[in-house]
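Have a look at the structure below before the remarks.
What you are looking at is a predicted structure, and each value in this text was computed from that prediction instead of being measured.
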Amino acid sequence: MATPPPPTTTRPEEEEPVVIHAWSAPRSLSTSLMYSFAQRDDMEVVDEPLYANFLRVTGVDRPYRQELLSKMDPDGNKVIDEVIFGPGKAKYRYCKHIAKQRLPNLTSELMKKGKHFILIRNPLNILPSFDKVVPPSFFELGIAELVSIYSELCEFGSPPPVIDADDLQRDPEAVLGGLCEDLGISFQPQMLKWEAGPKDFDGIWAPWWYRSVHKSTGFSMPRHYPLTFPFAFYDLLEQSLPFYNMLKRQVRKTAGSLQPTLPDPPLPVPANKKILVWVGDELLPRDSAKVSVFDSVVQGGDAVWEGLRIYDGKVFKLDEHLDRLFDSAKAMAFSNVPSRDWIKDAIFRTLNANGMFNNAHIRLTLTRGKKVTSGMSPAFNLYGCILIVLAEWKPPVYDNSHGIKLVTATTRRNSPNIEGNLAQAEDAIMLDKDGFVSETNATNIFMVKKGIVLTPHAEYCLPGITRATVMDLVVKESLELHERRISLSEFHAADEVWTTGTMGEITPVVMIDGREIGDGKIGPVTRQIQNAYKVLTAGSGIPIPRNDEE
């Protein structure tokens, strides 16, 4: 009689877990983070499943290359199908990936399925310890590939969470809690601790790379002072930082961040959030538009500037503003000043790139340039001047329809604007050394008494281009104009007052030092000059050259 076969035992059918893809560069605490997720009761982890495919396709050398290729499947797409997305017993599968291992031969399913997040670390903190096993290179870091991964996931409609290794070290509970929330899983406190020593899921490469993390039992605080940077890698640092910074802007802020940032304030004109700014010899996005810390404008406020306004496809009084810019640069003994045509071309390029052909304003700045070393001496300025063309959508900055209030500042002829702000006035009147009215902190000033227009002499005020334009208009409008010393009491008793400037155009003043000017409303002469100025700006200016097809 035949012996019956032994009874078979069955286990619950294995199902495909939800895969969590962790993408990082080497030396970014990626192994510590893998150990953290391995502590969960609903998680299995896989250490760099695509490593053998990477070695096979790229041919790069590693001390453990032959052993790895003999023990890991080098067929990347087979690994994706059977290991990464294969069946398992846990609800979740955590796959630690190094960004450079995502190669073109891999199926797009790798990126389309599962939950993804990106772990970044400042290359300033990666490079000092990178070459213990592999000489560092832009390819080996793979930070550019992290940006590519982020962009591809955004195109799929699933922007991945981004966390920074330094934040993770400073406040692991807050960062892990936020990451779990973004991944749609619960945070488990046991993620904060693990036992020291090797793990059975470590990759073959662990003896070369994981020695320090094997000594750890959790996330340690980062070094307060950085390691001395190996300056042989300085060029690599410069190449890598822009990619790191691109991703850094996507990091969720936590209380543990080194410098918690305030929320972005609202802009006066929201459209100016995305503009292109000319700096030096190129156009840059707003947040990338910066000058060197060695630039004279940073070292000592050493620069000259002009304000220009754009009307109906033309730059108003462009040549007059450039005349004054060059006069200022000459008076300041600037060297290697760009030519007039070059500056005009930079202005026109900036306006065309931003599509700004009306209702825009340019802050045109020329610095003495970058210094070879810090200090005030112009002898250190050997690079030439730096031009900044900052064009913004900007209507007149004052209320030209209803008028503004002024106060008189006690400070004489230098930056009394803080007093004006504290007094809840739009500007502050500046007096000259003898107590006569000079100008406001930002504009020139005019008054009207019995139909006669008066304005202070230019000895103690900026001889503004808008001021000169308005003086010409007053004469052309057959009004009487006097340029003389004017006391503050005369302004208090004036029938009308207005200020002039490129930023604000012709701005009525309805109150000075709490005293109502005239009847507190915009006067007839002011309106006459405003209208004449509007006609002038509509019909004059240097046309902005545009492409023929436009």
Side-chain angles (χ1 to χ4, degrees), residues 151 242 245-246 249 264 266-292 295 297 303-329 334 336-370 383-397 464-466 469 501-505 533-550:
S151 300
N245 289 330
M246 289 171 66
R249 289 196 288 269
D264 288 340
L267 301 181
V269 180
N272 288 327
K273 183 176 178 62
K274 295 182 179 179
I275 56 174
L276 298 169
V277 182
W278 185 279
V279 181
D281 59 359
E282 62 180 336
L283 283 164
L284 297 166
R286 175 184 176 124
D287 289 342
S288 301
K290 299 176 175 66
V291 295
S292 168
D295 195 281
V297 74
V304 297
W305 65 271
E306 288 290 325
L308 302 97
R309 190 163 278 285
I310 315 303
Y311 300 96
D312 299 322
K314 299 182 291 294
V315 185
F316 187 62
K317 298 286 182 179
L318 174 58
D319 284 319
E320 290 86 341
H321 281 287
L322 291 181
D323 285 343
R324 190 168 64 182
L325 183 80
F326 284 114
D327 287 346
S328 300
F334 280 15
N336 301 311
V337 177
S339 70
R340 178 182 292 259
D341 287 342
W342 192 88
I343 293 178
K344 280 186 175 182
D345 189 60
I347 291 171
F348 296 147
R349 285 172 179 263
T350 303
L351 293 173
N352 273 279
N354 286 288
M356 292 181 180
F357 304 108
N358 192 37
N359 206 28
H361 177 271
I362 292 175
R363 181 80 156 192
L364 186 70
T365 304
L366 188 68
T367 82
R368 194 183 296 271
K370 191 169 67 172
Y383 293 98
C385 295
I386 293 292
L387 180 72
I388 302 170
V389 184
L390 174 54
E392 295 178 281
W393 300 108
K394 186 171 291 187
V397 295
I465 290 173
T466 308
T469 301
T502 301
M503 288 273 282
E505 301 176 336
Y533 188 83
K534 186 176 182 180
V535 171
L536 179 65
T537 57
S540 58
I542 303 296
I544 302 168
R546 302 175 70 176
N547 292 328
D548 293 338
E549 62 269 20
E550 296 176 339

Quick one, Lys317 with Asp323, criterion salt bridge (Lys or Arg N to Asp or Glu O under 4.0 Å). Give me CA distance, side-chain angles, the key distance, then yes/no. CA-CA 10 Å; Lys317 298 286 182 179; Asp323 285 343; over 6 Å; no
Measuring only between side-chain heavy atoms, which start at C-beta, is Leu390 closer than 4.5 Å to Thr365? no
Thr466/Glu320 under side chain to side chain contact (heavy atoms under 4.5 Å, CB included): CA gap, chis, key distance, verdict: CA-CA 10 Å; Thr466 308; Glu320 290 86 341; over 6 Å; no
Can you confirm whether Arg349 is buried at CZ, in the sense that more than 12 heavy atoms of other residues, nucleotides or ligands lie under 6.0 Å from that atom? no
Are Asn359 and Pro395 packed together at the side-chain level, in the sense that at least one heavy-atom pair is separated by less than 4.5 angstrom? yes
Looking at CG of Asp295 and OH of Tyr383, how far apart are the two atoms once the value is rounded to the nearest 0.5 Å? 11.5 Å
Below 4.5 Å, heavy atoms only, C-beta onward: do Val315 and His321 meet side chain to side chain? no
Taking side chain as C-beta onward, heavy atoms only, is Ile362 less than 4.5 Å from Met356? no
Looking at Lys534, I want to see if its NZ is surrounded by more than 12 non-hydrogen atoms of other residues, nucleotides or ligands under 6.0 Å. no
Check: Phe316 and Thr502 side chains under 4.5 Å, non-hydrogen atoms: no
So do the side chains of Ser288 and Asn245 get within less than 4.5 Å of each other, counting heavy atoms only? no
What I'd like to find out is whether the side chain of Phe334 reaches to under 4.5 Å of the side chain of Thr367, using heavy atoms alone. no
Could you check whether any side-chain heavy atom of Lys273 comes within less than 4.5 Å of a side-chain heavy atom of Asp264, counting everything from C-beta outward? yes
Evaluate Ile347 against Leu318 for side chain to side chain contact (heavy atoms under 4.5 Å, CB included), listing each step before the verdict. CA-CA 10 Å; Ile347 291 171; Leu318 174 58; 3.9 Å; yes
